[in-house]
Number of protein chains: 2
Amino acid sequence: MATIGQRNRLQFIILGLLNQQPQTGYDLAKAFENEIGEFWQAQHSQIYPMLKRLEAAGEITHEDTVTGEKLAKKQYTLTPTGREKLVAWVSQPSPELTPNKDEFILKLYFIKDVDDPRIQPMLREQYRLHQAQLAHLQQRQATVFPDTSTIDQAYGHYLILDHAIAREAHYVSWLTQYLTPED
Amino acid sequence: MATIGQRNRLQFIILGLLNQQPQTGYDLAKAFENEIGEFWQAQHSQIYPMLKRLEAAGEITHEDTVTGEKLAKKQYTLTPTGREKLVAWVSQPSPELTPNKDEFILKLYFIKDVDDPRIQPMLREQYRLHQAQLAHLQQRQATVFPDTSTIDQAYGHYLILDHAIAREAHYVSWLTQYLTPED
DNA sequence: TTAAAACATGTAATTAATTACATGTTTGCA
DNA sequence: TGCAAACATGTAATTAATTACATGTTTTAA
């Protein structure tokens, strides 16, 4: 009865991010707001304690630095142990479909009636949201990958953006199918 | 500083399910394994306590019934208060995009290298998973909605299945784009 | 020059969610 | 008839995640 129910993906994601480059807890928190945020989320209140746990386990180490006069930063780096653990996680199959949640779809589900007057406004609201998100992601892609030659330098980043864009575009097109022209 | 941070969508989903028809905690748990499960998940250990909370709040009531000799069941029903609360939730905008998590995409992200030999097997595994899920959902759709005339009777159910199918089909097609023929 | 935004790091309290523990009944099928 | 699967309901323990509390520095732009 040990070592079985290993969830806790956050630790691996942090290892993965630190493998790209040494960085601070603050930097990690920002990463969860940007690209990574499309596929995983974590607040700084979850990140800082996890960094301590990982360091205690010998998977990362930190170096104290100071910006300006006295602003203290902790730059975290992967140890060989940490890198091993990361590689093991990445290489191991992901046989479960990560559960998806979508409050909006559930609301539609509960309304049931095709002609309920609430449906169209709700669809339009979602349309706006996802459309905006799509535009934002496309903007990002255009900035980060101005031409195809830049893709290989950050292929993982490209993949994640590509997937997020595809997902949003598809969501928008699904919504469109049920939208009636607004007059 | 009260009544603000109202998350806890589970309660509303339970109200929504009970609004469709009175049912037991066990029935609700099953609902989270089927269609609803594509967009929200909850175990019975979360459901039973929530039912007590909702009943204490006067939003649902239950009736004890017995199956066979002595198998006790609790059939839960919405009260007018509960129905009001449900309607308020459904009618209110859902202005946040429910966060999505996807362990697989993150693994791809961390691999980075286009030519890493692990990528293709991982893509194929995900392909298998999502393809299987897609087939399962399509099977379900064919069973539940044998012809278009049956759609209106359970439009919410239809929507949820349609969205889940579209999502899986799209995921599969995204994967295909990166798959190279296996020899 | 000063105020706001961003940088930077933590802990505490609460809530949500999962996993494990715990028990018993009924149905279906071999 | 006997056994497994499905039905049925709970609690306890643990872990994950969010929200709130708490504090201080540096940069940027008005």
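Chain A is the first sequence line, chain B the second, and so forth, proteins listed ahead of strands; every chain is numbered from 1.
Under the side chain to side chain contact (heavy atoms under 4.5 Å, CB included) criterion, B/Gln20 pairs with A/Tyr109, A/Phe110, A/Lys112, B/Leu17, sequence neighbours left out.
Toward the 5′ end of DNA chain D lies the nearest nucleotide of A/Ala42, the other residue of the pair A/Glu69 and A/Ala42 mapping further downstream.
To the nearest angstrom, P of D/dA20 lies 11 Å from CD of A/Gln43. Taking atom CZ of B/Arg9 as the reference point, atom C1' of D/dT18 lies 12 Å away to the nearest angstrom. In this structure, B/Asn8 atom CG and D/dA17 atom P are separated by 17 Å, rounded to whole Å. A/Arg7 has its CZ atom 12 Å from the P atom of C/dA20, to the nearest Å. Atom CG of B/Asn100 is separated from atom P of D/dA17 by 14 Å (rounded to the nearest Å). Put simply, CD on B/Glu33 is 17 Å from P on C/dA17, counting in whole angstrom units. Taking atom CE of residue B/Met50 and atom C1' of nucleotide C/dA16, one finds them 9 Å apart after rounding to whole Å. For the pair A/Arg53 CZ and C/dT11 P, the computed distance is 14 Å after rounding to whole Å.
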Short heteroatom pairs, N/O only, protein and nucleotides 6-10 of chain D, under 3.5 Å:
from: D/dC7; atom 1: OP2; to: B/Tyr26; atom 2: OH; distance (Å): 2.8
from: D/dC7; atom 1: O5'; to: B/Tyr26; atom 2: OH; distance (Å): 3.3
from: D/dA8; atom 1: OP1; to: B/Lys73; atom 2: NZ; distance (Å): 2.1
from: D/dT9; atom 1: OP1; to: B/Lys74; atom 2: N; distance (Å): 2.8
from: D/dT9; atom 1: OP2; to: B/Tyr26; atom 2: N; distance (Å): 3.0
from: D/dT9; atom 1: OP2; to: B/Tyr48; atom 2: OH; distance (Å): 3.1
from: D/dG10; atom 1: OP1; to: B/Lys74; atom 2: NZ; distance (Å): 2.5
from: D/dG10; atom 1: N7; to: B/His44; atom 2: NE2; distance (Å): 3.4
from: D/dG10; atom 1: O6; to: B/His44; atom 2: NE2; distance (Å): 2.7

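Linking Ile, Leu, Val, Met, Phe, Trp and Tyr whenever their side-chain heavy atoms come within less than 4.5 Å puts B/Tyr155 and B/Leu137 in one cluster.
Between A/Lys101 and D/dA17 there is no side-chain polar atom (N or O) within less than 4.0 angstrom of OP1 or OP2.
With no hydrogens or angles considered, no side-chain donor-acceptor pair links A/Gln126 and A/Trp174 at under 3.5 Å.
In this structure, A/Leu54 and A/Tyr76 have side chains that are not in contact, with every pair of non-hydrogen atoms separated by 4.5 Å or more.
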_Full working for side chain to side chain donor-acceptor pair (under 3.5 Å) between B/Gln138 and B/Glu168_ = CA-CA 10 Å; B/Gln138 281 170 334; B/Glu168 290 303 323; over 6 Å; no
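In this structure, A/Glu63 places its CD atom where only 12 or fewer heavy-atom neighbours from other residues, nucleotides or ligands lie under 6.0 Å away.
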